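Reading through the structure tokens given below for one structure.
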Protein chains: 2
Amino acid sequence: MNLENTKAQMRKGVLEFCILSLLSNKEAYASDLIQAMKESKLLVVEGTIYPLLTRLKNDGLLSYRWEESTGGPPRKYFKVTPLGEKFLEELRNTWDELVEAVGKATSP
Amino acid sequence: MNLENTKAQMRKGVLEFCILSLLSNKEAYASDLIQAMKESKLLVVEGTIYPLLTRLKNDGLLSYRWEESTGGPPRKYFKVTPLGEKFLEELRNTWDELVEAVGKATSP
DNA sequence: TTTAGTACTATGCAATACAAAGTACCATGT
DNA sequence: ACATGGTACTTTGTATTGCATAGTACTAAA
């Protein structure tokens, strides 16, 4: 039981929420997202984000298009589907409820 | 990918925090905790809480004593150890940071 | 042609919430 | 005395998912 492990556990489930939310604002590819998450102090690495994006795509919450890059291989630009927007809305509620519930449980 | 599943994911890591926090206020046994969590709208079931309590105890964050019950088998009353209090303090920071980080990442 | 950097893919592991089945103890009813 | 029901705890197995790691493929510069 170490703190880093627990932090990682806490991040679970909120990553989905954050990624969907970021993509809801504008299209992006993996590196954009990693950068954006980093700026919010939510560190994510490649091994996490690529499988996550694939999962969300397979579930119909995201779609993507290929775009050529000026230097380097082409990029997968993701955006949120209508179904994804709907799911995102539910995630917002879920998150708010969780924050409130934890507040209740942990305030003396 | 369904909402219930994601909710469960979001709860991960938070449960530890809530349980430690509840026990920091006063000693309790499993059913007390399940009840308290329920009142905070954080549903937990036996299969989750018993292994969690055992984990926390094995890591030295909790200790327990047996107490006879008026009706039914004896109960394990848990309380937070000094090490647990220290860990709890860190979890508080971690949680606050996470809430802030998610807020940044998900607000337009 | 080789090297470095970027982007994506694939495989395997560890942590943990939960379900489900099981064990043990006590009190009550017959 | 015995069966029944409720409470408390234990054990086992499963599914999900973040992460590490290694690998593939493309571009550009040396």
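A, B, ... follow the sequence lines: proteins, then strands. Residue 1 opens every chain. Predicted model only: the values in this text are computed from it and were never measured.
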Keeping B/T106 on the side-chain end and B/V102 on the backbone end, is there a donor-acceptor pair under 3.5 Å? yes

Is there a donor-acceptor pair under 3.5 Å between the side chain of A/T81 and the backbone N or O of A/G60? yes

Spell out, yes or no, whether B/L88 and B/I49 are grouped together once hydrophobic residues are joined by side-chain heavy atoms under 4.5 Å, including indirect joins. yes

Could you give the CG-to-P distance, from A/L42 to D/dC19, as a whole number of Å? 10 Å

OP1 or OP2 of D/dT17 under 4.0 Å from side-chain N/O of B/N5: yes

Write down the atom of B/F78, the atom of B/L23, and the distance for their closest heavy-atom approach. O-CD2, 3.5 Å

Between atom CD1 in B/I34 and atom P in D/dA8, what is the gap in whole Å? 9 Å

Same hydrophobic cluster for B/L33 and B/L43, using side-chain heavy-atom links shorter than 4.5 Å among ILVMFWY? no

Which letter, B, S or -, goes with each nucleotide of nucleotides 22-30 of chain D from 5' to 3', with contact meaning a protein heavy atom under 4.0 Å? ----BSS--

Whole angstrom is fine here: how far is it from OH in B/Y29 over to P in C/dC25? 18 Å

Whole-Å distance between C/dC25 P and B/K76 NZ? 14 Å

Spacing between A/K12 atom NZ and C/dC13 atom C1', to the nearest angstrom: 11 Å

Where the side chain of A/L15 is defined as all heavy atoms beyond and including C-beta, which of D/dG18, D/dT10, C/dT9 is the nearest nucleotide? D/dG18

Could you tell me the separation between the CZ atom of B/R11 and the P atom of D/dT16, rounded to a whole number of Å? 16 Å

Atom pair distance, as rounded to whole Å: CD1 in A/I49 and P in C/dT9: 13 Å

Under 3.5 Å donor-acceptor, B/S24 side chain and B/L20 backbone: no

Report for the helix from C/dT1-D/dA30 to C/dT30-D/dA1: angle between first-end and last-end helix axes, five pairs each, rounded to 10 degrees. 20°

Respond yes when some side-chain nitrogen or oxygen of A/R55 is under 4.0 Å from OP1 or OP2 of C/dT9, and no when none is. no

Closer than 4.0 Å, any side-chain N/O of A/Y50 to the OP1 or OP2 of C/dT9? no

Would you kindly give the NZ-to-P distance between B/K7 and D/dA15, to the nearest whole Å? 23 Å

Sequence neighbours left out, what pairs pass side-chain hydrogen bond (donor to acceptor under 3.5 Å, both in side chains) with at least one residue falling in residues 92-102 of chain A? A/E89-A/R92

